[in-house]
Amino acid sequence: MLCFVKNFAIPGARDLTVANEDLRDRIRQAIKRQERPTVTVLSSLLATQDEFGYIPREAIEEIAVYTGASTNDVWGVASFYKNFQFTEPNEHVIEICWGPSCHIMGAPEIIEEAAEVLGIEGEGDSVDGKGTLRYNTCLGACARAPVISIDHQLYGRMTAKKAVEKIKSL
Amino acid sequence: MPEHITIEIDGTKVQAEAGTNVLQAAMDAGVYVPYLCYYPGMKSFGACRMCVVEIDGPRGTETAASCTVPVGPDMVVRTRTDDVQDLRRNIMDLLISEHPHGCLNCHRVDLCGPQDICLRHVGVNDRCVTCPKNERCELKDTVRWLEMELDTELTYNNRHLPQQVNDPFWDMDLNLCIVCGRCVRACDEIRGDNALAFVDRGGKGLIGTSIGTSLLESGCEFCGACIDVCPTGALVERDHKWDKAVTTYQSTCNNCAVGCQVKLEVDKRNQLIRTIGDLHGAPNQGQLCVKGKFGLEYVNDKRRLRTPLIRRGEDLEETTLTSALDFAAAELAKYRGEGFALIASPRHANEDLYIAQKFSRVVMESNNVDVSSNLRPELFPALGEMLGYPAATNTIWDLELAKSFLVVSSNMTEEQNVTAIPIKKALKTGAKLLVIDQRETELTRYADLWLRPRPGTETALIGGMLRVIVDESLDDHEFLSKGVNGVTDFKNSLWEFDLMQVEQITSISREQIQQAARIFVENGPGAILYGLETVEPVDRDACVRSLIDLAIITGSVAKQAAGTGLYPLYAGANEQGARDMGCVPSHLPGHSLVNEESAIDRFNREWATVLPSNPGVGVREITEKITSGQIEAMFLLGNSENFKNGTMGEFIDALGDLKFLVVADTFASEITEVADVVLPAATFAEEQGTFTNMERRVQLTQRAITAKGEEDSAWRILGQIARRIGVNGFDHPNSEDVFEEIRGMVALYGGITHERLAKGGVQWPCPAIDTSESSAPHTEGSQDKLSLTPIEFPEPQGEIDPSSEYPLTLAHGRVLREPDRKMEIDLVDKRNIIVREEILEVHPEDALVLGLSVGDVIDVVSERERIRGVVDTTSPLKGVVSTTTLFGSRLLDINQGATPDPMIEFGALPLIPVRIEKVAAQPIEAAAD
Ligand code: SF4
Ligand code: SF4
Ligand code: SF4
Ligand code: FES
Ligand code: FES
């Protein structure tokens, strides 16, 4: 029997498809823009995260389409790496290095106070939508430890006080 | 023969296949080494470390995971030293620290019976007795085998994950998962589906689907391969989840022509509780599809017919078997001759089908006998005429070795699912796939070239390919010169196929036709698989002939090699058997025509009868013959979706015109409602029998459950009626005896005995007990039975007649997933459902004529259905509306429907005539973009 699936195509319900076409277009472009000969699932995830600051669900699907992997496999890769985020971050992303050098030079205190000023317990998003706090295992500037980064801009030789000021001034 | 090397395992010298790993070599030699992540037939993974052994090898003595070490010359392996056993126990300790292990290391375990519930020692959730896989769990078996100290220092760390029970058919409890990865690898390596993946990492690492959503959108085909390999209770079938098997029977799935070998598990209540694919089954190598894995539950259904019914006025009343048979016999005796017809279902065994045609011909004196799936009979005869046998040339798993494939109009991944597995495997290693189909199917996703010719022009397209092959001299000259018949006539006939013209009528560009021909030949010779599901009946024979021509001139039937040949993909499970048994209107058992003198003589002699010699009426014409009064009485054995989906016209309505109708079936339905006598029928699980699959392999089914009422198999029912009518030759005591008669009458089956079948299927032709089976008979011996047929350039299709009621054609495709389309999974009544808007693709010119623009909501209306969706103007074919729906949606319909035997409803996807009705113009905000 040729049985037609339940379908919900009633006027108005149409935004199911249309509403995220813009988003999907941006994702597709971000994937296509990659100027490397070896476009992979991983590089496409990175490109998406660079574009949006996180990886929307649609990106998992678009990357699957683009690379020919299944959505499950793309998710398998994405969920493996801690640096990929799947929710939209707040306006500013504050990363605090807790790698060995920074740890010795005082990162724990910075983390504690930064979290307090953002009103959160540890990693996460502040309620006011302003800041997102993330830990980083090494920001690659150990000589200037302790290091934090705000919106990808590095700040070395931090103290808890200076960090709190910077966050407050955002 | 694969090369062998000698290694020593636990002091004994054994022969190991070169290239295999130490674990497999040990298993082959009958030495048990515990393992949890390895699985025969899949690549080694090295995740569980349970298989550690001591090896003296090229690197000195090492302790290594035996599944990851290839066997080498002079290797010495020790599998049971104290060190190794200790190591294994330590590893197991770690493993069960994340698995509920209350019962695994309970010191009372020996006192507690396997299914008892202990009231003290352990918390309920930590007990094995609450696990559906209790007592068939590989983890538990391994723990016991290791004779663990019954105390672990590690505390159990419960993951506290919710059970996932919202998808159809199977449940997932990841608290029980040991992350062996078998399921992920089975789904990827064997099925090619990647519906499961490893997610997260480290201590949180588990298996799952994308973003943790439903299997319905992850591209799962619900084949159950992952369940079958899972060593724990993490993945299980939902039906009979906690039921325990007491006996297991080897049998054959009768839901399609693959004939998968299955193990049927039966519990103490005489119920079929599980089907598991047989790893050693020749057609399926352990694999199944949703129809075989989850579609055999109907045998247990409470609604099964158990008592004979007889018509008294308006009503059907229960009666005894004797009186039902007496009545049926007395009435049927009045309709002997061409006014009688019998239709059997292709789910019947060879024995049933053989007796059905014998009954029809000898008792009822009528050649009107057929199987209900036989709507594409043209797939076969040309094979017989041009190649010698009306059947597929090679075996299913030969396809694994093919270098190129041409698939013509077949939704194989649904209709003959397991056939697609070796194809997908071959494609992974670089084979090329050409698909000719108007519909988008799962296989078109894998195609290197997908050609969508205008409906009705497939033969022209193949003719075009043939022309390119001859023009570019890509044909196999050496083979053709060795005496294939009809080469010159055939080549001359190709002059008609001017590529410009072919392009014009098929709407496939010349370049693509050339490309197709080259892909097929240059990687080939390849395998050709054809279903012709979307090809019009009048075109099918020519289409088949053109495909056989293609197989001959490219040498695809020349080589006995695996990976070549022709495969007709027909619908019914035992349709090949029906043909071999003569359960078709045109042929007697063994493929002789019903009007072939010598055959008639022989059968007259053997059966002591005078056979009718007029070819009978088959399912395609039956409705018309009933309506016109030519057929007055019928016998229906089993139901069919074809009775009501329109492919046989208004068959159910026509049944009302009959004077007498007997139905033998498993469930009450539209057909039993109008019957005069209803006899309860046995299923494949209740009777021994043989089925012949699409690779000519004859295989056994076993009686796994016993009848609960008067249900019986068709051959016995028909025999009893024949005896009552007073005709001899129907006194078979058992099904083996019927098969013995078949062996005597059908030369191709002559050497196939139950004794041989008990060891596994046997392929025909197998004329004598001492002949070994032949896997590629068409090309053995002399070639002069091969002949090419000239092909004719088909008439160009007429323009669409806009005044007709259904001027357009709907090409409805189905795939496992479409990640580029938005969909959502909703929970309704605790079950996941798919919410998605369907897109109906219309050709831009048609859209213009019909005044449609992108985004309009339309209904596509056929005689039987109505589909609503949103217009997109991307159809590549004028006059064709295409749409692609999700397999998951179809599955939900089937899973949630009320019919007790839903898999017969799966249904093909033919092209259907439709018209478009506009429902609403595009919403305003969408019009802006
Ligand atoms: S049922 Fe089959 S397709 Fe689905 S996840 Fe399991 S192996 Fe994969
Ligand atoms: S679900 Fe089963 S097969 Fe899959 S990883 Fe877990 S234990 Fe292994
Ligand atoms: S492929 Fe066919 S024979 Fe095999 S399980 Fe599915 S329906 Fe049964
Ligand atoms: S440890 Fe902080 S920058 Fe390297
Ligand atoms: S079976 Fe060898 S590591 Fe799992």
Side-chain angles (χ1 to χ4, degrees), chain A residues 1-28 31-32 41-42 44-45 48 54-87 137, chain B residues 184 188 193-201 205 208-212 217-219 641 644-645 812 817 819-824 833-839 855 857 862 864-870 885-886 889-890 892-894 905-910 912 919-923 925-926 929:
Chain A
M1 183 179 63
L2 186 65
C3 178
F4 297 129
V5 292
K6 257 182 225 85
N7 81 62
F8 297 78
I10 30 167
R14 188 164 182 275
D15 11 349
L16 254 183
T17 323
V18 176
N20 51 31
E21 269 317 295
D22 290 349
L23 176 67
R24 281 178 182 266
D25 271 347
R26 272 179 70 198
I27 296 168
R28 282 179 207 132
I31 302 171
K32 282 208 193 98
V41 170
L42 190 55
S44 306
L45 286 165
T48 314
Y54 78 110
I55 295 172
R57 174 205 166 98
E58 287 82 355
I60 302 282
E61 294 165 353
E62 288 300 330
I63 293 170
V65 173
Y66 191 80
T67 58
S70 82
T71 47
N72 311 290
D73 284 346
V74 176
W75 176 249
V77 174
S79 65
F80 183 82
Y81 293 98
K82 190 176 162 288
N83 277 6
F84 289 130
Q85 307 294 321
F86 305 102
T87 47
T137 326
Chain B
V184 174
D188 167 24
D193 290 329
N194 296 83
L196 296 171
F198 291 107
V199 298
D200 275 320
R201 61 178 178 149
T209 54
S210 177
I211 326 184
E217 68 176 323
S218 81
E641 186 58 19
K644 53 183 181 189
N645 65 9
H812 184 166
R817 56 179 156 228
D820 48 335
R821 296 260 313 273
K822 176 80 181 167
M823 69 180 266
E824 262 154 35
I833 62 153
I834 295 174
V835 183
R836 193 177 93 142
E837 180 174 73
E838 297 308 340
I839 292 177
V857 177
S862 75
R864 278 158 202 276
E865 314 272 351
R866 177 177 281 268
I867 177 170
R868 180 160 297 182
V870 174
T885 55
L886 290 176
S889 304
R890 183 74 193 104
L892 287 172
D893 286 344
I894 283 182
E905 289 178 8
F906 228 98
L909 293 167
I912 43 177
V919 178
Q922 55 185 136
E925 67 278 5
D929 53 53

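Just so it is clear: chains get the letters A, B, ... in the order the sequence lines come, proteins before strands, and each one is counted from 1.
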Checklist entry - Would you say A/T71's side chain and B/S210's backbone share a donor-acceptor pair under 3.5 angstrom? => result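 Here the side-chain-to-backbone pair does not exist.
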Next on the checklist: If I take atom CG from residue A/D73 and atom OG1 from residue B/T209, how far apart are they, to the nearest 0.5 angstrom?
Outcome noted: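 Atom-to-atom, A/D73:CG and B/T209:OG1 are 11.5 Å apart.
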What pair of heavy atoms forms the shortest contact from [X] to [Y], and how long is it?
{"X": "A/G76", "Y": "B/A197", "value": "CA-CB, 4.5 Å"}
{"X": "A/W75", "Y": "B/V199", "value": "CD1-CG1, 3.3 Å"}
{"X": "A/N72", "Y": "B/R817", "value": "ND2-NH1, 3.7 Å"}

Next on the checklist: Would you say that B/K822 contacts A/E61 through its side chain, given a criterion of any heavy-atom pair below 4.5 Å between the two side chains?
Outcome noted: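 Result no, sub-4.5 Å side-chain heavy-atom pair not found.
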